[in-house]
Structures are given as structure tokens and as C-alpha cells.
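For reference, the structure discussed in these notes is given below.
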Amino acid sequence: MGKTTEIMIAGFGGQGILFSGKVIAYAGLMNNKEVSWLPSYGPEMRGGTANCHIIISDEPVGSPIIVNPDVLIVMNKPSLEKFENAVKPGGVIIIDSTLIDRKVTRDDVTVKYVDATQIAMDNNSPKLANMVIIGAMLKATGVMTLDEIKKGVEKSTPASKAHLVDSNMGLISAGYNG
Amino acid sequence: MSDKVLMKGNEAIAEAAIQAGCRYFFGYPITPQTEVAAYMAKKMPKIGGVFLQAESEVSAINMVYGAAGAGARVMTSSSSPGISLKQEGISYIAGANLPCVIINIVRGGPGLGGIQPAQSDYFQATKGGGHGDYHLVVFAPASIQEMVDLTSNAFDVADKYRTPVMIIGDGMLGQMMEPVTFQSKETASLPEKPWATTGTKGKREHNIINSLYLNPEDLEKNILERQERYNTIKANEVRYEAVGVEDADYVLVAYGMTARIAKNAMATLRKQGIKVGLIRPITLWPFPTEIFEKTAKTAKAFLSVEMSMGQMVEDVRLAVNGACPVHFYGRTGGMVPTPDEIINEVKKIGGVL
């Protein structure tokens, strides 16, 4: 990856799209990168669509709006339809193949299919598919290491829920190794 | 490493206000600024402050009027339709020469409009959205850190000049997160307010907070006194950022989030050998006129880029004063200009397209 990585995460509201973006952004911050996190906002609710734009850079972030991401993470089919063609040539698309039954049609991008929702359910954590897919993204892009993302998980987890750091990291590792 | 945290713009404004000594917040929820009120609701009771959700924006701004009259550091926040409702109170506060801070996290309008980001309240903010001869000092931050720094500064400017100060951001700035740090501030050194209605204790004349002057000689005198303060503000408080304007053929003009998009466009155009600069007004009022006068001597043209149908461009034209052409490009209704759109506009102006 170059000096600036633009990551777009998209899916349904309730899948933890915004939280997974926060984990990545905080990990960037904790590793002394410049970061921005821009959510879609609106009359959104569980089951509606949600996306967020995360920029991790060695330089101050200009516009936080991502038009053509280096990395696209999609957790539902409408998001794949909407954003597939926006990804930069040579970019990376990570797909939750439990929920998306079609393949990427482009041949100028790297695609990683991961059964994120299935892996999360197999680990009795159906709500942590967002962590699985972060792990898969780290493996496919090398944008940061597992140790580095752990700092982001720790910072994003409120003190009252500190016990969840290990389970989140477990699912990230499962996605990384999956 | 300094203690940087990720915060939403709305939360960062609220925390910055508290750290600046603001202990009174009156508001009413509206997307996309509700996190300001939510943060205040959580924090104020813990530090002996007052958070009050009023029954309407009209009520909230009049509570601000009262608290400001009693000498408190006080803030309200809203988004465009709510700010329209507050205009009567804002005019009264300006007329009574009271300091306060008003946040507008702008959404698309007119009317209820939408909830996506916009900059279409520029006229309302800078030209007096309420009635009468008055101005607000208007700060337009472009990052979350700048939102923090300007919020702190806004209280100082408000107190120093006894004027309402507005911080104007768009919905994206309110909702996005960036790393911020807070400079610890001496809240103990808040300025004396001998004019405030704090009770005479039988030892001094009554202080009167009022905006009614039925005698026109008195009203004119009051307005002229305020005008003197505005002249001092114009001399002392103008802020802007100018990047690459010295050798620029084309100068982009943008504030807030749009300035960051314009910077991306500028970087691409510079790589292509087109000399582009950027002026980012940080105070929308007072407008940074001098840098435009200076830059107009060497630039071929200006391009004002806004999330509106063209509002700030009028101030750019006044400042450039016919010295060279001033163009406009905008998206509105919650749509956001892209760097490519700005690049195309510059190339059209330059005759490259």
C-alpha cells in the first residue's frame, strides 16, 4: 500500500459497519498515522444501508470523502452493486460470501471472499462478522498488522466492555487466518 | 505522544465548549448536530453545569439570552431550520450587546430541506439572519481540531467584544471523526463582566439588559457604538489560510469541508502543471478582504467553490472589486462537489477544456 490508504466499508445498518471503521481508524491513530472516519448518516436504522470512509495516511488527510477507494469491504449485495466499479484499478475488494452470492465481475482488482458471517456464527458471535472481515482485509492488504489493529480494538472498546477485546481479536484472527 | 482521541465534530465542539468554561447549554435536537446536545446532556450534570432541552429552538435561544445577560458562558447549537427559528433571539442578543456562542451544523435547505451537508446558510450567518443593524462573528472550521480551537476562541471573542459568535460547519464536519487534542485552558481567568445582571446587593446601580430604544438618538448611538466594536473586530480578528497563492494563475476560494476537497483538486492540478492556489476564509465575517486585494494583482481568475448556489462568491467579488474575473462552482441540496468537478471547472476557466 502507498502512503495513503482509502478504505470504504459498506453493508446493512446493525452489522457494525461504523464500529469496524472506528477500529481501523483508531488503530491508524495509535500507530501514529493521520486518519479520518466519515460515516454515512441519515434516516438509517437496523436493516438499512450504512457505509463509512476511513483514510489512513502518512500525511494530513485532505478531503475525508472517498470517491475511488483502494480497499472496499462489502457486507451486503446492494453495496457491492453500488461500489464495485468505484474501486481503483489494482485495488482490493473484500466480500462477505455468506451474505453475497455473486462474484466480482472486474478482473483488474484483487478479490478476497471470506465467509465472515458464517465464521462469526461458528464462533457463537454472530454479531462479530465485522471483526472477521477486518481480519481478512488485513491479510489481503497488509495495511497493518494484527498487533497494530489490537491497539485500535482496545481504544474503541469502552472500559465497561473491556472483556470483549479478546473475543473481538479472536474473530479478527479467525478472519486473518481463514 | 500527545493524548490524541478520535471524536466526532459535534462531540468535539461540546467538549471544547466545556473546557472553555461554558456551563450553560440550551438546545433542541436536530440532525445533523444532535450529538452536541447529547454530549452536553451527559457531561454538564457531572460538572455542575446546566443542560436543558427546551421545548423549541425559540425557547432555547431566549434562555441563552437570559444566561448571557447574567454573565454566563453559554452556548446553543442547532442545524439550519432550527437556526432560522432562533433568528429573533439572536437579533435581540446582538441588540443587547451580549456574548454567546451559537453552533450551526448546516444541512440542505430552504424549508426543512434535507439532512445532508450544505453551506447554504452563508447569507444568513454573515449578513444578519435576524432584523436590524448587526453582525455575528462567524468562524468556519475545516477540521475537527480546528472546531475545537475555534470553539474555545469563540467564547473569548464573544466576551471581549460583547457579541454573539457563530461557528458554522456542515453536516459532514459534525458527523466525521478525526484525531483531536485539547489544550488545557485557564478557565479561572474568565473576564470580568461588570455589566451583567448578577444582583446589586444594594451596592451599585442596576444593570439593565435591553434592546429597546424608543428614542432614535439613543438607538443610533447604541448602533454606532456597536459599529466601533465591529471595526475593531475587523482590524483584529480576521483569519484565513492561503496556500500557493503567490505564483497562482487560478485561485480557488472555499471554506470548511469544501476547502479540503478544493485542496485535493489543487494538488492534482499542480501536478499537471497548472498553477492553482487556495484561499480559505476562516472568519466568514469579518471576511478576509485584504488577501483577495493582494492576490487579485497577480492571479488570472478566482473560482469560489461552495455547497450552495453561490453565496460567498458575492463577498469574493466585492473583495476582488473587478480586478479579475470571479467564477463560481457549487453543488447544493446535500450534494458535495468532487475534486474532479473542481478540476474540470478550473480547466474550463483556463481554456484547457
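Here is the naming used below: chain letters follow the sequence lines, and residue numbers restart at 1 for every chain.
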Exercise. With rounding to the nearest 0.5 Å, note down the distance linking CD in Q175(B) to OG in S40(A).
Key: 9.5 Å

Quiz item: Nearest 0.5 Å, what's the CD-CG distance between E178(B) and L38(A)?
Solution: 9.5 Å

Quiz prompt | chain A interface, residue from A142(B), A265(B), G114(B), P117(B) that has the most non-hydrogen pairs under 4.5 Å | solution = P117(B)

Self-check item: Residue pair L6(B) / Y26(A): nearest heavy atoms and the distance that separates them
Solution: N-OH, 3.0 Å

Quiz item: Taking atom OH of Y240(B) as the centre, does the number of heavy atoms from other residues, nucleotides or ligands within less than 6.0 Å exceed 12?
Solution: no

Quiz item: Above 12 or not: heavy atoms from other molecules or residues under 6.0 Å from NZ of K88(A)?
Solution: yes

Exercise. Write down the atom of N264(B), the atom of G62(A), and the distance for their closest heavy-atom approach.
Key: OD1-CA, 3.5 Å

Quiz item: Side chain, backbone, both or neither: which part of V5(B) has a heavy atom under 4.5 Å from chain A?
Solution: both

Quiz item: Is the number of heavy atoms from other residues, nucleotides or ligands within 6.0 Å of CG (L112(B)) greater than 12?
Solution: no

Quiz item: CD1 of I55(A) to CE of M176(B): how many Å apart, nearest 0.5 Å?
Solution: 8.0 Å

Practice problem: Indicate yes or no: at least one non-hydrogen side-chain atom of E34(A) is less than 4.5 angstrom from one of P179(B). | Solution: no

Quiz item: Considering all heavy atoms of both residues, which atom of Y41(A) and which atom of G171(B) are nearest to each other, and what is their separation?
Solution: OH-CA, 3.3 Å

Exercise. Pick whichever of K8(B), M177(B), M172(B), K263(B) has the most heavy-atom pairs under 4.5 Å with chain A.
Key: M177(B)

Quiz prompt | Check: I65(A) main-chain N/O paired with R260(B) side-chain donor or acceptor under 3.5 Å | solution = no

